[in-house]
Asker: 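One structure coming up, written as structure tokens, with questions to follow.
Bear in mind the structure is a predicted one, so any value in this text is a computation, not a measurement.
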Amino acid sequence: TKDIVDSFTFVKLNEKEYHNNPDVHACNNIITTLGEKGARFDGVIYESPKPQETIDVSGAGDTFTASFIVAYYKTSDIEESIIYANNKSAIVVSKRGVATP
């Protein structure tokens, strides 16, 4: 719900989760992963820097979240952190099975 989302600095949802929860659409702290298209935050789409054939999406969301957290902790820069997370996720989906970048 919007009340829960507002309690956090950022909330990461995938595209399906975002569309299934219209009550959070007005929240400005949602990062929505868009698969091969990249991620959206605050109305801006950050394209995947390495669009390539997707072999396996296992672990892509977890990789995005962990990578974003690490980058944001180091830089406090949302844009840079999303770009970094997109890059790491692109590496993971280009391999079969759960892979670590």
Asker: Measure across F68 and I78 and return the closest heavy-atom pair with its distance rounded to 0.1 Å.
Answerer: CE1-O, 4.0 Å

Asker: Strictly distance-based, threshold 3.5 Å: is any side-chain N or O of E80 a donor or acceptor partner for the main-chain N or O of D77?
Answerer: no

Asker: What heavy-atom pair brings L34 and A39 nearest, and what distance separates the two atoms?
Answerer: CD1-C, 4.0 Å

Asker: N29 side chain to V11 main-chain N or O, any donor-acceptor pair under 3.5 Å?
Answerer: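 A pair under 3.5 Å: no.
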
Asker: Same hydrophobic cluster for I45 and I83, using side-chain heavy-atom links shorter than 4.5 Å among ILVMFWY?
Answerer: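 No, I45 and I83 fall in different hydrophobic clusters.
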
Asker: Begin with the C-alpha distance, continue with both residues' side-chain angles, and end with the deciding distance and a verdict on ring pair (Phe, Tyr, Trp, His ring centres under 6.0 Å) for Y72 and Y84.
Answerer: CA-CA 9 Å; Y72 190 74; Y84 180 79; over 10 Å; no

Asker: Consider only side-chain heavy atoms of I, L, V, M, F, W and Y, link residues closer than 4.5 Å, and tell whether V92 and V70 are in one cluster.
Answerer: no

Asker: Quick one: closest heavy-atom pair of F10 and I31, and the distance?
Answerer: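 Answer, listing the atom of F10 first, then I31: CD2-CD1, 4.0 Å.
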
Asker: Specify the closest pair of heavy atoms between C27 and D6, including all atoms of both residues, with the distance to one decimal.
Answerer: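 Taking C27 first and D6 second, the nearest heavy atoms are SG-OD1, 3.8 Å.
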
Asker: Could you give the distance from OG (S67) to CD1 (I91), rounded to the nearest 0.5 Å?
Answerer: 8.5 Å

Asker: So does R40 pair up with E15, basic N to acidic O under 4.0 Å?
Answerer: no

Asker: Please report the shortest heavy-atom distance between S81 and A71, naming the atom on each side.
Answerer: OG-C, 3.3 Å

Asker: Rounded to the nearest 0.5 Å, how far apart are OG1 of T32 and CG of D42?
Answerer: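 With rounding to 0.5 Å, OG1 (T32) is 11.0 Å from CG (D42).
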
Asker: Would you sort out whether I30 and L13 count as a side-chain contact (heavy atoms from CB on, under 4.5 Å), showing the intermediate values?
Answerer: CA-CA 7 Å; I30 303 281; L13 301 174; 4.0 Å; yes

Asker: Treating Ile, Leu, Val, Met, Phe, Trp and Tyr as nodes and any side-chain heavy-atom pair under 4.5 angstrom as an edge, say whether V44 and F64 lie in one connected cluster.
Answerer: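 Yes, same cluster.
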
Asker: If I take atom NZ from residue K2 and atom OG from residue S7, how far apart are they, to the nearest 0.5 angstrom?
Answerer: 10.0 Å

Asker: Would you find a donor on one side and an acceptor on the other, under 3.5 Å apart, between the side chain of H25 and the backbone of Y18?
Answerer: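 Yes: the side chain of H25 pairs with the backbone of Y18.
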
Asker: Give the minimum heavy-atom separation between N86 and E47, together with the two atoms involved.
Answerer: ND2-O, 3.7 Å

Asker: F8: what forms a ring pair (Phe, Tyr, Trp, His ring centres under 6.0 Å) with it, not counting sequence neighbours?
Answerer: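 Testing F8 for ring pair (Phe, Tyr, Trp, His ring centres under 6.0 Å), a comparison that skips the adjacent residues, returns none.
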
Asker: Nearest 0.5 Å, please: how far is NZ in K12 from CD1 in I69?
Answerer: 10.5 Å

Asker: Counting only N and O atoms by type, is there a donor-acceptor contact under 3.5 Å from the side chain of N21 to the main-chain atoms of D23?
Answerer: no

